[in-house]
Amino acid sequence: MKMKGNIKTATGHYANVKGQTFKNIGRILKELWHFAHFRLIVLFICVILSSLSQTTGAIFMAQIINNVIEPAVSGGQTFTEMSKVLTKYILIMASIYTVGLIANILYTQLLAILVQKFLNHLRKLTFDKMEKLPIKYFDTHTHGDIMSIYTNDIDAIREFVSSSLISVVSSGSIIIALIFIMMIYSIYLALIVFVAAFFMVFVSKKYGTRASKYFVKQQKAIGNVEGFVEEAMIGMKVIKVFCHEEEIIEEFDKRNDYLKTCSTKANTNGNILGPVVGNIGNILYAIVAVLGVTLVIQKVPNLTLIGLIEFEIGYVVSFLGMARQFTRNINNISMQTNSIVMGSAGASRVYDLLGEEDECDEGYVTLTNAKYDESNNLVECKEKTGIWVWKKVVDGKTELIKLCGDIRMNGVYFSYDGNKTILKDINLYAFPGQRVAFVGATGAGKTTITNLINRFYDIQEGEITYDGIDIKNIKKDDLRKSLSIVLQDTNLFTGTVKDNIKYGKLDATDEEVYNAAKTANAYDFIMRLPNGFDTMLESDGANLSQGQRQLLSIARAAIADAPVMIMDEATSSIDTRTEALVQEGTNKLMMGRTVFFIAHRLSTVKKCDVIMVLENGVIIERGNHQELIDKKGKYYQLYTGVFELD
């Protein structure tokens, strides 16, 4: 686990952070609009109504002072006249505030529903996409980093949609309304506010851009740390066995310190905006107060959008409230910078995943059930008959080819990265019902061959055929339905023992589950579990031994009842006594099936029809056990112990 390479990835050059931020936020808004445009329109209308109602106080303050308080103080109005005017303004304000309150209640309820539905939609999109990605994606990305997309990145999008977006719309509508109102009240004072607003925007841009860069780095660093932690948790036994705790702690500290550095710089630059912008607003308040009172005393004509009018104290008082509200909303928008950038960074990672290329599948040959008609010809049918055929449609003509399990490789070359060739000129054939074993040192290419048969990866040169059909022409889902595989590393899922066995055939009956367990010789140990087949398994079957987990994996393959089986070190985690029992069961299972064995224990491949010895991606020997012993080549050396498999 080297730190240097990962940190370089996380600290790449962000030359166009601002442009990327707008692009990613635009992608969120576009997705949100397509998801619920009608509800979004209603939501924004309610937000704007709620926001505009907040300006009511500032608008009517001048009217109350100029038309109620001043005439009352100067004796120009009777108490009755003053009461009528004041009541009118109060009723108007109360009506506006009531509308604002109703709009506020509506938008908060709509927002809560919309955000959760949108996040649910986004997680579904992401998970659906993940299921369509090729195995290569998961081989080149840590699981923790992928998990970070579902947690931190989608949560950052949630914070943007539920908080920042609404705050920007709300504050933006208030600012636009105040600009118009202030110009009606006094262009002189409005210009002072606009100058202050310019400085606020300048400061926000300066520190916001700086913070943006580090927030993007922070999101990537979080994924890096979580990937490392997930890897350490999986390998905890290995870490402890080799007393590697100190090195792991040191490595984690490096990554965690880098995350701390990014987060600190992001938040220090982001948090400085509030105090700076807030104090500019305080200075502006004092300037407007002093200038406004001076203009009233000096009786300077008040320039407004509706012409020259007399400067009255009510305008100054009202303007002070509007100036305070104006700067507060600019400050509110600037304070959303952190959340907006984090939402952008989260969206970037989510949409990077959504933008990955799906697993390529150009196949057109499908797998279907069949039966024999009166003329003893194969015909397609819907019911399950136990007879499978490949359905090949070319130029409108349908051809049914019985699935037999004849698999061949002709001149196959393969490389994972396009540079280092793993398999070189592989030629092999497996007739229906044959058992073909691959032996060789680690890295010789044994598992790679089975990965190619499953089409987890595609070859660069050569051809692989299945019952005479190029597997590139077979739809991947149908190809994999025809194969059962037992891996060295067993994966069990949260659920009952029965559920895990039925993973090989979801519609299997209980009787089929019991028979599969008996075939794998897993039935006895399952019945000794607390709840038998209904025993819950969690944490990848942590409450079972490694051998028991492997037996369940074999039972899962048995219930799938596929015509081709791949046994990739299938008995490596089982003791010799249990292995003998499993072999007895699997011998029945393998009758009439094409089986590929990968094994380090050469005793398990003695009865195979063909044994192929691989070395550096090349088949150097082939034959049955006795033929290879008689040759006294590499297999003979391995079997007699002259050399040992790595």
Side-chain angles (χ1 to χ4, degrees), residues 48 50-70 73 89 93 96-97 100 164 167-208 269-306 308-338:
I48 292 170
S50 175
S51 302
L52 293 180
S53 69
Q54 298 174 31
T55 63
T56 300
I59 295 171
F60 283 93
M61 183 59 70
Q63 303 301 321
I64 292 172
I65 292 174
N66 294 336
N67 299 325
V68 178
I69 297 177
E70 276 193 358
V73 171
Y89 288 137
M93 291 175 65
I96 295 174
Y97 280 130
S164 299
S167 293
V168 170
V169 172
S170 175
S171 296
S173 59
I174 291 174
I175 288 171
I176 293 171
L178 288 175
I179 289 174
F180 180 71
I181 297 167
M182 285 190 295
M183 294 289 284
I184 291 176
Y185 274 38
S186 174
I187 291 179
Y188 298 139
L189 297 180
L191 290 175
I192 301 297
V193 175
F194 297 158
V195 171
F198 171 79
F199 284 108
M200 290 179 180
V201 172
F202 175 78
V203 171
S204 298
K205 183 178 179 181
K206 179 179 179 181
Y207 289 101
N269 282 283
N271 292 342
I272 201 172
L273 288 174
V276 172
V277 173
N279 280 294
I280 292 175
N282 292 333
I283 295 170
L284 171 65
Y285 190 84
I287 292 173
V288 170
V290 172
L291 182 61
V293 172
T294 302
L295 292 174
V296 171
I297 294 173
Q298 297 297 324
K299 296 184 179 181
V300 177
N302 183 17
L303 178 62
T304 69
L305 287 179
I306 59 176
L308 287 173
I309 61 175
E310 183 181 350
F311 239 122
E312 296 178 330
I313 192 64
Y315 293 133
V316 177
V317 174
S318 184
F319 213 94
L320 286 172
M322 287 189 287
R324 175 73 77 188
Q325 203 171 12
F326 188 84
T327 56
R328 185 167 59 242
N329 281 281
I330 287 182
N331 188 32
N332 187 36
I333 291 177
S334 67
M335 290 301 293
Q336 302 308 316
T337 301
N338 298 358

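Small disclaimer: the values here were computed from a predicted structure and weren't measured.
S170 and S51 get closest at one heavy-atom pair: OG-OG, 2.5 Å. Of all the heavy atoms in F194 and M182, the pair that sits closest is CE2-CE, 4.1 Å. Heavy atoms only, all atoms of each residue included: V316 and V293 are closest at CG1-N, 4.2 Å. Pairing each heavy atom of A197 with each of I330, the nearest pair is CB-CD1, 3.6 Å.
With T294 as the partner, the side-chain contact (heavy atoms from CB on, under 4.5 Å) test is satisfied by one option alone out of I297, V290, V296: V290.
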Show me the donor-acceptor pairs, under 3.5 Å and distance only, between side chains in residues 280-289 and residues at least two apart or in other chains.
residue	atom	partner	partner atom	Å
N282	OD1	R324	NH1	2.8

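Note that CD1 of I181 and CD1 of I176 are 12.0 Å apart. Values are rounded to the nearest 0.5 Å. Separation of atoms OG (S50) and CD1 (I174) is listed at 8.0 Å; rounding is to 0.5 Å. In this structure, the separation between CE on M183 and CG on L189 is 11.5 Å, given to the nearest 0.5 Å. The CD1 atom of I187 sits 4.0 Å away from the CG atom of L303 when rounded to the nearest 0.5 Å.
Qualifying side chain to side chain donor-acceptor pair (under 3.5 Å) partners for S173, counting only residues two or more places apart in sequence or in other chains: none.
In this structure, F326 and M200 have side chains that are not in contact, with every pair of non-hydrogen atoms separated by 4.5 Å or more. No side-chain heavy atom of L178 sits less than 4.5 Å from a side-chain heavy atom of V193.
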Practice task
Decide yes or no on side-chain contact (heavy atoms from CB on, under 4.5 Å) for N302 and Y185, but give the supporting numbers first.
Solution key: CA-CA 8 Å; N302 183 17; Y185 274 38; 5.8 Å; no
Practice task
Go through the steps for Q336 and N332 under the test side-chain contact (heavy atoms from CB on, under 4.5 Å), then give the verdict.
Solution key: CA-CA 7 Å; Q336 302 308 316; N332 187 36; 3.4 Å; yes
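Panel note: side chain N331, backbone T327; no donor-acceptor pair is recorded below 3.5 Å.
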